[in-house]
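Here is the naming used below: chain letters follow the sequence lines, and residue numbers restart at 1 for every chain. These figures come from a predicted structure and were not determined experimentally.
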Protein chains: 2
Amino acid sequence: MMLVDRSSKEAFPTMGGSNERTDQASTRDRLVEAARQLFLVKGYEATGVAEILREAGVNSGSLYYFFRSKEALLLAVLETYKRLLAPEVLDPVFAAERDPIARVFGVLEGYRQMLTLTQCRMGCPIGNLALEMSEKSEPVRVGIAENFDGWKRAIEQCLIDAGSRLPQGVNRSSLATFILTVMEGGVMQARAHRSLAPFEESVRLLRDYIDRLMQAAASASAGEGTGASKGELGT
Amino acid sequence: MMLVDRSSKEAFPTMGGSNERTDQASTRDRLVEAARQLFLVKGYEATGVAEILREAGVNSGSLYYFFRSKEALLLAVLETYKRLLAPEVLDPVFAAERDPIARVFGVLEGYRQMLTLTQCRMGCPIGNLALEMSEKSEPVRVGIAENFDGWKRAIEQCLIDAGSRLPQGVNRSSLATFILTVMEGGVMQARAHRSLAPFEESVRLLRDYIDRLMQAAASASAGEGTGASKGELGT
DNA sequence: GTCTATAGAAGGATAGAC
DNA sequence: GTCTATCCTTCTATAGAC
């Protein structure tokens, strides 16, 4: 969940080189990383270009050499988030959990960790941007939607992998959307209340719902349908 | 859901007065209303004081006569939202629906209407501010949390009114939090995708969950407990 | 690719007359 | 309570040397 960009291959140009610094990422990467951090902590509008420059140790001219505008820098940040979803958010959880349902809740646990580590000050970086920026720039809105899509697809795959443990009539795509909904709504309230409770309660009820779905699927496959799982749901 | 401030009693100072205008609210009210609209559409940081002034037809000096700062104006906006929750959001729904569960979904339907009317550009005004402002000012964060609390309490009362239709073990407060979670998360995704679908899917699955809870309660009261509703949930 | 310097607009807030 | 004028800072972005 740290979302540190480990994929910066330019990060170690030292072997045999004349550069003495061992952790010097490229100028462009430092700009994107500084912007990512600041947009996460303060939001887009409240972050000044000067601040990004200072944090990255870069001069104005260089920023506008790589990026047309502050907004273009935000688009690069959104690309970074898409790229980091698997290595930073999913893979660690999936490596520790093989059960597809446990994986879903493992991902949610990761967000709980971020809330814990930041005293409920930081949640989902995409959620922040979604509400702040969706109406201000169509390319940005699309970048945000793509991030949501990537997250949702990963969860949806878990639900598909759960196979017959979930009722046939439950649309996996809709349930994945629902899980993202619960995550984002829970994070929002946790931040507003500066308390983990709303997030934890929300996840607990989500778990109860999914437990009930799985019970219904088990009952149905045992030939004793309860009548509760008839018909297509969430389509 | 229009959240127009009908409670401005100063709005009609015409009878026998010398003022020719019929819809002239007080200067302070016009400032709060203009700020409310602009913060909703553009967010707090992206809204300039000059813009608020122009929209309200007020001069800079007057704003700072009534409010210490832009942030103080935001606090007044948050107070307005608290005051408008009942007359603008709850009462119209509650007048049309007597069933407490139907009332809950009637409130959610109101948010769907707002998304529809704005082509998914506007959702919950408090949700926007929650993610943008929770870390920037403690008084603002508290004002946001109070707005969430008011909303949650109203929903919780509906759930309490539902009585034994919901299982005993389901904590009404947690379920109310969960409903707010689904509303906010659904609105967020609807705006990011500019599509009603994520909101509608989320509400549909919420309804399925509550249906299953009510079925479990009915089964339990019929003396044929399924084992699914044992124990305290959401505490 | 990086540097300094700065343009030009917009930001929030204040002073002081009326 | 309201007006105009304006202070000072910060903003994004550019110019042009190196």
I'd like to check the salt bridge (Lys or Arg N to Asp or Glu O under 4.0 Å) partners of A/Glu135; sequence neighbours left out, ordered by chain and number.
B/Arg191, B/Arg194
Once side-chain contact (heavy atoms from CB on, under 4.5 Å) is applied, do any residues pair with A/Ala86, and if so which ones, sequence neighbours excluded?
A/Asp91
Atom pair distance, as rounded to whole Å: CG in B/Leu38 and P in C/dG11
11 Å
Nearest-Å distance for atom pair NZ/P, residues A/Lys70 and C/dA10
15 Å
Verify whether one side chain among B/Thr181 and A/Gln189 offers a donor that lies under 3.5 Å from an acceptor in the other.
yes
Who are the side-chain contact (heavy atoms from CB on, under 4.5 Å) partners of A/Tyr64, not counting sequence neighbours?
A/Val49, A/Ser60
For B/Phe199, the ring-ring contact (aromatic ring centres under 6.0 Å, His included) test, sequence neighbours excluded, returns none
Is there any ring pair (Phe, Tyr, Trp, His ring centres under 6.0 Å) pair reaching into residues 171-192 of chain A, and which pairs are they, with sequence neighbours excluded?
A/Phe178-A/Tyr209
Per the under-4.0 Å heavy-atom filter, residues of residues 135-142 of chain A near DNA chain D come out as none
Partners of A/Lys136 by salt bridge (Lys or Arg N to Asp or Glu O under 4.0 Å), sequence neighbours excluded?
A/Glu45
Residue pairs involving residues 118-150 of chain B (criterion ring pair (Phe, Tyr, Trp, His ring centres under 6.0 Å); sequence neighbours excluded)
none
Using the salt bridge (Lys or Arg N to Asp or Glu O under 4.0 Å) rule, collect all pairs that involve residues 61-76 of chain B, keeping only residues at least two apart or in two chains.
none
Between which nucleotides of DNA chain D, read 5' to 3', does contact with chain A run, using atoms under 4.0 Å from its heavy atoms?
D/dC11 to D/dT14
Nearest-Å distance for atom pair CZ/C1', residues B/Phe67 and C/dG12
16 Å
Heavy-atom contacts under 4.0 Å between residues 50-62 of chain A and DNA chain D, which residues?
A/Ser60
With B/Thr47 via side-chain contact (heavy atoms from CB on, under 4.5 Å) - residues at least two apart:
B/Leu38, B/Phe39, B/Lys42, B/Glu51, B/Ile52
